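Right, one structure below, let's go through it.
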Amino acid sequence: MGKVLLREFILVLVTGLFSWLAIPALIGQSPAFPLLFVGIFLGLTFTPMHAISLMIGRRLPPALRMWAGMFAWVFAFMAQIKLVLALLGQGAAMSLTTMGMELLPPMLGLILTMMAALGAPKAERGQAAAWSLFLFSLPMWVVRDVLVRMVSPDQRLMAMAMLGGTLYMFLHGLLRIYAPSAVEDEHRSEPLVRRPVPDAIVGLVEGTLHRRARPYATTLQGLDDSAISVLCQPDEVPDVVSKLTEALGARPFAATPGRTVKDKVEVVVRAKV
């Protein structure tokens with residue numbers, strides 16, 4: 001947990017320094033020390049945005065996560081891309097700095113997605129790319145449609161919100177690819193709290209079936225907290241087991257029919273022996 005908090009502190013501080021030193025230079029103004037604290041405050045708003053996006057993504061099936069990331073990228077950036085293209089098409093004069101400030105955020109999102117795909121094992125490239133696009137684009141959509149609107153029409157604050165958010169999410173994405181923390185990557189890092197069935201698997205099960213999973217299974221001896229279970233009608237069991245087996249894929253967990261509880265049947269998910 002200490003490493004996670006340290007990383008967040010560094011990212012927030014970098015966002016503050018960027019807002020203080022880089023943003024005024026990009027828009028042709030002089031740096032002002034109070035902007036450091038404004039940037040830090042903005043960084044503190046980016047942190048929960050990323051955390052909430054991570055929690056949402058864990059609840060989504062992989063295919064839905066990919067589509068959600070694509071739509072979020074379009075909604076976050078397509079308007080400014082269209083604006084730049086329209087201005088260029090009309091022959092309007094636009095400096096390279098202005099064009100870069102408009103086009104760099106969407107480009108960095110795509111670059112991060114490609115880096116995530118190339119850095120993942122071949123079988124996991126699609127999922128890694130979807131995760132990176134989702135975790136970059138969803139918070140930036142909120143930044144674009146909520147935070148930027150709140151601080152308009154102040155040009156400095158709008159640039160700090162958009163470019164500062166881009167920097168924060170991009171650096172977070174790089175850390176997730178090359179040095180994932182326990183709360184970001186369930187495959188390449190150890191969980192903060194060891195559980196027989198990790199939260200990521202619980203989220204995958206609930207997202208696949210769209211129903212709550214119970215944190216135990218029923219046995220002849222009582223409750224078994226080394227597994228989770230989902231209650232379903234007897235005629236649903238084969239379909240539920242099939243869906244979970246497909247969703248779990250190569251993960252070291254298996255879905256099997258369990259005991260009958262009243263008029264329903266448990267489908268149990270536990271670690272493979």
Side-chain angles (χ1 to χ4, degrees), residues 3-23 26 35 38-60 65-81 100-120 127-151 156-185 189:
K3 291 182 179 180
V4 175
L5 294 177
L6 178 61
R7 285 173 23 145
E8 292 299 327
F9 172 77
I10 293 174
L11 288 175
V12 169
L13 181 59
V14 169
T15 304
L17 292 172
F18 179 78
S19 299
W20 172 31
L21 300 174
I23 295 297
L26 289 173
L35 293 179
V38 177
I40 289 175
F41 176 78
L42 287 174
L44 292 173
T45 67
F46 300 145
T47 299
M49 289 182 191
H50 182 273
I52 292 172
S53 298
L54 182 63
M55 289 189 292
I56 293 174
R58 283 184 168 177
R59 297 288 181 176
L60 296 177
R65 189 187 305 134
M66 177 189 69
W67 284 106
M70 292 171 60
F71 279 112
W73 185 90
V74 170
F75 289 134
F77 304 118
M78 190 54 67
Q80 65 197 88
I81 293 175
M101 290 173 62
E102 293 295 330
L103 297 183
L104 188 61
M107 289 175 58
L108 286 180
L110 298 179
I111 291 171
L112 190 64
T113 301
M114 290 187 290
M115 293 175 67
L118 294 176
Q127 183 177 348
W131 257 120
S132 287
L133 185 63
F134 180 85
L135 289 177
F136 180 87
S137 301
L138 185 61
M140 288 307 299
W141 182 13
V142 178
V143 170
R144 162 66 68 180
D145 282 357
V146 178
L147 196 54
V148 170
R149 293 174 185 263
M150 290 174 61
V151 299
R156 284 189 305 181
L157 292 180
M158 292 174 65
M160 289 167 62
M162 196 65 191
L163 297 181
T166 297
L167 177 66
Y168 178 93
M169 300 306 166
F170 183 74
L171 293 179
H172 226 311
L174 291 180
L175 288 173
R176 188 176 188 278
I177 295 170
Y178 298 111
S181 70
V183 296
E184 290 177 322
D185 193 302
S189 56

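Note that the coordinates shown come from a computational prediction; the quantities given were computed from them, not determined experimentally.
At least one side-chain heavy atom of Phe77 sits less than 4.5 Å from a side-chain heavy atom of Pro105. Using a 4.5 Å heavy-atom cutoff, the side chains of Leu175 and Leu11 are in contact. Residues Thr113 and Phe136 fail the side-chain proximity criterion, which asks for heavy atoms closer than 4.5 Å. Annotation: side chain of Leu104 is not in contact with side chain of Thr166 (no heavy-atom distance under 4.5 Å). Taking the side chain as every heavy atom from C-beta outward, Arg144 and Phe75 never approach each other to under 4.5 Å.
Contact record, Gly39 with Ser19: CA-OG, 3.5 Å, taken as the closest heavy-atom pair. Closest of all the heavy-atom pairs between Leu60 and Arg65 is O-NH2, 3.1 Å. Here the shortest heavy-atom pairing between Ala76 and Ser137 reads CB-O, 4.2 Å.
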Can you list the steps and then say if Phe18 with Leu35 is a side-chain contact (heavy atoms from CB on, under 4.5 Å)? CA-CA 9 Å; Phe18 179 78; Leu35 293 179; over 6 Å; no
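The CD1 atom of Ile10 sits 11.5 Å away from atom CG of Leu5, with the distance rounded to the nearest 0.5 Å. Here the straight-line distance linking atom CZ of Phe46 with atom CZ of Phe41 works out to 10.5 Å at 0.5 Å rounding. Atom CG of Leu135 and atom NE2 of His50 lie 4.5 Å apart (nearest 0.5 Å). The distance from the CG atom of Leu54 to the CZ atom of Phe134 is 9.0 Å, given to the nearest 0.5 Å. Between the OG1 atom of Thr15 and the CE atom of Met169 there is a distance of 8.5 Å, given to the nearest 0.5 Å. Atom CG of residue Leu17 and atom CG of residue Leu167 lie 10.0 Å apart, to the nearest 0.5 angstrom.
Under the side-chain contact (heavy atoms from CB on, under 4.5 Å) test applied with Tyr168, the options Met140, Glu8, Met49 reduce to a single match, Glu8. Just one of Val148, Val38, Leu147 meets the side-chain contact (heavy atoms from CB on, under 4.5 Å) condition when paired with Leu157; it is Val38.
In this structure a side-chain-to-backbone donor-acceptor pair under 3.5 Å is missing from Ser132 to Ala129. Under the 3.5 Å distance criterion, the side-chain polar atoms of Arg149 are matched with a main-chain donor or acceptor of Asp145. Glu102 places no side-chain N or O within donor-acceptor distance of the main-chain N or O of Gln80, the cut-off being under 3.5 Å.
Counted within 6.0 Å of CE on Met78, heavy atoms from surrounding residues, nucleotides or ligands total more than 12; the atom is thus considered enclosed.
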